[in-house]
Amino acid sequence: MDKVERYRTCIQTLLEKYSQFKSRSEEVESALFFDPSHDRYQLMRVGWKGLERVYYTVLHFDIKDEKIWLQHNATDVGIGQELVEMGVLKEDIVLGLHPSYKRPYTGYGVA
């Protein structure tokens with residue numbers, strides 16, 4: 001399996017894992033989006049909590065230039081570390097949710 005295909009598998013595994021967490025409201029569901037042709041992957045929560053609309057991104061990843069870009073993380077989990085534990089090189093993880101001037105200080109890839 002080539003590197004990008006392995007990274008796709010890692011991302012999909014993580015998103016599937018976090019999609020299993022249940023909301024307190026039965027009307028809120030997890031929505032997974034896998035677009036391997038453009039290398040965009042996302043987990044969202046969608047539904048209703050009483051009269052309030054629930055529609056937000058939990059996790060968003062892209063793969064660019066053979067690196068995993070973490071674009072959004074609304075969890076309290078170190079997703080970068082989970083990717084490292086799955087065998088992804090730290091320098092192949094870019095925390096796109098941080099501005100470029102901060103990335104050299106994150107311990108992960110810079111782009």
Side-chain angles (χ1 to χ4, degrees):
M1 178 182 310
D2 78 333
K3 179 177 172 178
V4 172
E5 189 60 38
R6 189 167 50 84
Y7 286 178
R8 287 179 184 132
T9 301
C10 290
I11 291 169
Q12 290 177 19
T13 300
L14 271 181
L15 291 177
E16 288 171 354
K17 171 184 169 183
Y18 285 100
S19 74
Q20 300 304 310
F21 291 102
K22 299 296 180 194
S23 171
R24 293 180 194 181
S25 171
E26 292 182 17
E27 295 182 43
V28 177
E29 62 183 31
S30 295
L32 289 170
F33 301 94
F34 298 158
D35 180 2
S37 62
H38 297 100
D39 280 322
R40 297 185 185 278
Y41 307 88
Q42 197 167 19
L43 166 62
M44 294 186 68
R45 301 276 194 248
V46 179
W48 289 90
K49 183 177 178 183
L51 298 175
E52 183 179 331
R53 177 74 170 148
V54 175
Y55 184 87
Y56 68 92
T57 301
V58 179
L59 291 164
H60 174 181
F61 297 94
D62 294 329
I63 298 176
K64 299 185 211 175
D65 300 320
E66 297 189 350
K67 294 186 180 201
I68 296 175
W69 284 67
L70 176 56
Q71 302 289 17
H72 185 76
N73 180 4
T75 73
D76 59 355
V77 177
I79 296 295
Q81 184 58 39
E82 285 199 37
L83 287 167
V84 169
E85 291 168 5
M86 295 173 86
V88 177
L89 300 172
K90 269 188 130 174
E91 57 267 16
D92 283 352
I93 301 168
V94 178
L95 302 181
L97 46 87
H98 291 303
S100 58
Y101 71 88
K102 284 187 178 180
R103 292 184 200 141
Y105 308 105
T106 64
Y108 292 96
V110 294

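Computed over heavy atoms, backbone and side chain alike; hydrogens, waters and symmetry mates excluded.
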Compare every heavy atom of F61 with every heavy atom of I79, then report the nearest pair and how far apart it is.
-> CG2-CZ, 3.5 Å
Those residues at least two apart in sequence (or on a different chain) that pass salt bridge (charged side-chain N to carboxylate O under 4.0 Å, His left out) with K102 are none
Contacts of type salt bridge (charged side-chain N to carboxylate O under 4.0 Å, His left out), residue E52, not counting sequence neighbours = none
Note: D39-K64 ion pair, threshold 4.0 Å (strictly below) | no
Can you sort out the partners of T9 under side chain to side chain donor-acceptor pair (under 3.5 Å), two or more places apart, ordered by chain and number?
-> none
How is the hydrophobic cluster of V46 composed, in terms of its other members, when Ile, Leu, Val, Met, Phe, Trp and Tyr link through side-chain heavy atoms under 4.5 Å apart, directly or indirectly?
-> F33, M44, Y55
Of all heavy-atom pairs between S19 and S30, which one has the smallest distance, and what is that distance?
-> O-OG, 3.0 Å
Who pairs with Y108 by side chain to side chain donor-acceptor pair (under 3.5 Å), at least two apart in sequence or on another chain?
-> none
Can you establish whether the number of heavy atoms outside D65 located under 6.0 Å from its atom CG is more than 12?
-> no
Identify the two heavy atoms, one from Q42 and one from L15, that lie closest to each other, and give their separation to 0.1 Å.
-> N-CD1, 3.7 Å
Flag, side chain of H98 to backbone of T106, donor-acceptor distance under 3.5 Å = no
Listed partners of F21 passing ring-ring contact (aromatic ring centres under 6.0 Å, His included), at least two apart = Y18
Hydrophobic side-chain clustering at under 4.5 Å (ILVMFWY, transitive links): who's grouped with V94? Put none if nobody.
-> W69
Would you call L59 and L14 a side-chain contact if the rule is heavy atoms closer than 4.5 Å?
-> no
Could you list the residues that satisfy side chain to side chain donor-acceptor pair (under 3.5 Å) with D35, not counting sequence neighbours?
-> S37, H38
In short, salt bridge (charged side-chain N to carboxylate O under 4.0 Å, His left out) pairs touching residues 76-85 with sequence neighbours left out are K17-E82
With sequence neighbours left out, write down each residue that passes salt bridge (charged side-chain N to carboxylate O under 4.0 Å, His left out) with E91, or none if nothing qualifies.
-> none
Separation between CD (E29) and CD (E27), nearest 0.5 Å, reads 10.5 Å
Counterpart residues, side chain to side chain donor-acceptor pair (under 3.5 Å), relative to Q20 (two or more places apart) = none
Write down the atom of R103, the atom of L95, and the distance for their closest heavy-atom approach.
-> NE-O, 3.4 Å
Are the side chain of K67 and the backbone of A111 linked by a donor-acceptor contact shorter than 3.5 Å?
-> yes
List in chain and number order the residues that pass salt bridge (charged side-chain N to carboxylate O under 4.0 Å, His left out) with R40, two or more places apart in sequence or in another chain; answer none if no residue qualifies.
-> D62
State the CZ-CH2 distance between R53 and W48, to the nearest 0.5 angstrom.
-> 6.0 Å
